[in-house]
Q: 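Have a look at the structure that comes next, please.
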Amino acid sequence: AAKGKTPTLSTGTPHSADRRLRPQRATTGFTLIELMVVVVIMVLMTAVTAPSMVVAYREARIRSATRQVVARLNYGRSRAVTSRTTTRFNARQSDETGKVPTVVWVTVQKEGDPNAASTTTVEPSFEEDTTPSGRLRELPAGVTLTLLKKESQESALSNVAPEEEEGVDTVTFWRNGQTEDALLVLSDPEGKKRYVRLEALTGRTRLLDEEELA
C-alpha cells in the first residue's frame, strides 16, 4: 500500500466500525390489524361499562335532589324554632315539557306581620329567605317532587291553614318546630323513587324505603 494511505478491503466496503457509527433506520407506526384490535377492545370496554355508568348517574341525580330537599326542610324547621318565626318549605313543579326544572326554597313570615303570633285561620304573609340554606335551588333535570299531605291534629298550631299559590306546594313549620303530616316523593324519568317522611309532632325528616312505605 502507498505510504500515508489507509488500507481498505478489496471489495471497497467500509469497515465494521464505520457501519456502527451510522444510525439504524427505526421502524415506527402500527399495522392496520393492530389498529383494528385496539378499536375492538375499546368498543367492548365501552359496551361493558356504559350500563353501570348510566345507573350510577341516575342514582347520583336522585340522591342529589333528595339531599337538597331534606336540607331545606331541616333548615325551615331550624329557622322556625331559633327565630320563633313561622317558615315554609316551597316546591314549584317543572312544566310538562321538562325544560323548566323543579325548584325548592324557603320562605319566612315577614317581620312586623300583625298575624305573627296568631293561631287563628288568618293567613300570614311570607317573604323569601335569602340565605344560602334557604334560597331558591333547582333540582337536577328530570327529577320531580310530589307532596302528599293529610289532616293531622298532632301539631298545636295545625289550625293555621296556609293558602298555597297555584302550582306551588308548601309545608309550614310553626315556631314550636311542629309541621304538617306529609310525604314527599322524588321521582326520576326512569321511575326511580325516593321518599321523605315529615313527622308532624317533631317536624323532623326521615327517609323511607319501599318496604317501610308499604
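Everything numeric in this text was worked out from a predicted model, so none of it was measured. Residue indices begin at 1 and follow the sequence shown.
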Q: Could you tell me whether the side chain of L136 reaches within less than 4.5 Å of the side chain of V104, counting heavy atoms only?
A: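 Answer no - side chains too far apart.
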Q: Hey, does Y195 have a side-chain heavy atom less than 4.5 Å from the side chain of L186?
A: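 SC-SC contact between L186 and Y195 ruled out.
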Q: Under the criterion side-chain contact (heavy atoms from CB on, under 4.5 Å), which of T172, V69, L147 is the partner of F89?
A: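 Among the candidates, only V69 passes.
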Q: Is a donor from one side chain sitting under 3.5 angstrom from an acceptor on the other, for T170 and N90?
A: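 No donor-acceptor contact under 3.5 Å links the two side chains.
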Q: Under 4.5 Å between side-chain heavy atoms, counting indirect links through other Ile/Leu/Val/Met/Phe/Trp/Tyr residues: same cluster for V70 and F173 or not?
A: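 Looking at the clustering, F173 is in the same group as V70.
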Q: Starting at CZ of R135, measure out to OG1 of T130 and round the result to the nearest 0.5 Å.
A: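 Between atom CZ of R135 and atom OG1 of T130 there are 9.0 Å.
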Q: Do R175 and T85 come close enough that some side-chain heavy atom pair is under 4.5 Å?
A: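 A side-chain contact is absent here, since even the closest heavy-atom pair is not under 4.5 Å.
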Q: Does any donor atom in the side chain of T87 or D129 lie under 3.5 Å from an acceptor atom in the other side chain?
A: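 Absent: no donor and acceptor within the cut-off.
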Q: With side chains defined as the heavy atoms from C-beta onward, is the minimum distance between E180 and W174 less than 4.5 Å?
A: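 Yes, at least one pair of side-chain atoms sits under 4.5 Å.
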Q: Please report the C-alpha distance between T205 and N74 in whole Å, then the side-chain angles of each, then the deciding distance to 0.1 Å, and finally whether the side-chain contact (heavy atoms from CB on, under 4.5 Å) criterion is met.
A: CA-CA 7 Å; T205 59; N74 291 338; 3.2 Å; yes
Q: Between S83 and R79, is there a donor-acceptor pair closer than 3.5 Å when you use the side chain of the first and the backbone of the second?
A: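 A pair under 3.5 Å: yes.
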Q: Tell me, do D181 and L198 make a side-chain contact under 4.5 Å, heavy atoms counted?
A: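 Side chain of D181 against side chain of L198, heavy atoms only: no contact under 4.5 Å found.
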Q: To the nearest 0.5 angstrom, please state how far the OG1 atom of T179 sits from the NZ atom of K149.
A: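 Going from the OG1 atom of T179 to the NZ atom of K149 covers 8.0 Å.
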Q: Taking the side chain as every heavy atom from C-beta outward, state whether W105 and E128 have any atom pair closer than 4.5 Å.
A: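 W105 reaches E128 side chain to side chain.
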Q: Tell me if a side-chain donor or acceptor on S64 pairs with a main-chain N or O of A60 at a distance below 3.5 Å.
A: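 The answer is no, because no donor-acceptor pair under 3.5 Å joins these two groups.
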Q: Closest approach of A65 and L139, non-hydrogen atoms and distance?
A: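 It is O-CD2, 4.0 Å.
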Q: Looking at OG1 of T202 and CZ of R77, how far apart are the two atoms once the value is rounded to the nearest 0.5 Å?
A: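 Those atoms lie 6.5 Å apart.
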Q: Please tell me if the side chains of R194 and S187 come closer than 4.5 Å, counting only heavy atoms from C-beta onward.
A: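 Not touching, per the 4.5 Å side-chain cut-off.
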Q: According to a 4.5 Å side-chain heavy-atom criterion applied to Ile, Leu, Val, Met, Phe, Trp and Tyr, with indirect links allowed, do V171 and V196 form part of one hydrophobic cluster?
A: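 Yes, same cluster.
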Q: For a side-chain contact (heavy atoms from CB on, under 4.5 Å) check, start with the C-alpha distance between L148 and L184, then their side-chain angles and the critical distance, and finish with the verdict.
A: CA-CA 6 Å; L148 306 174; L184 295 88; over 6 Å; no
Q: Looking at K192 and D188, what are the two nearest heavy atoms and their distance?
A: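 Minimum heavy-atom contact is N-OD1, 2.7 Å.
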Q: Please answer whether the main-chain N or O of G134 pairs with a side-chain N or O of R72 as donor and acceptor at a distance below 3.5 Å.
A: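 Checking the backbone N and O of G134 against the side chain of R72, no donor-acceptor pair under 3.5 Å is found.
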Q: Does one hydrophobic cluster hold both V103 and V168, with members joined at side-chain heavy-atom distances below 4.5 Å?
A: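 The answer is yes; both residues are in one hydrophobic cluster.
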Q: Are side-chain heavy atoms of T102 and E138 found at a separation under 4.5 Å?
A: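 T102 does not reach E138 side chain to side chain.
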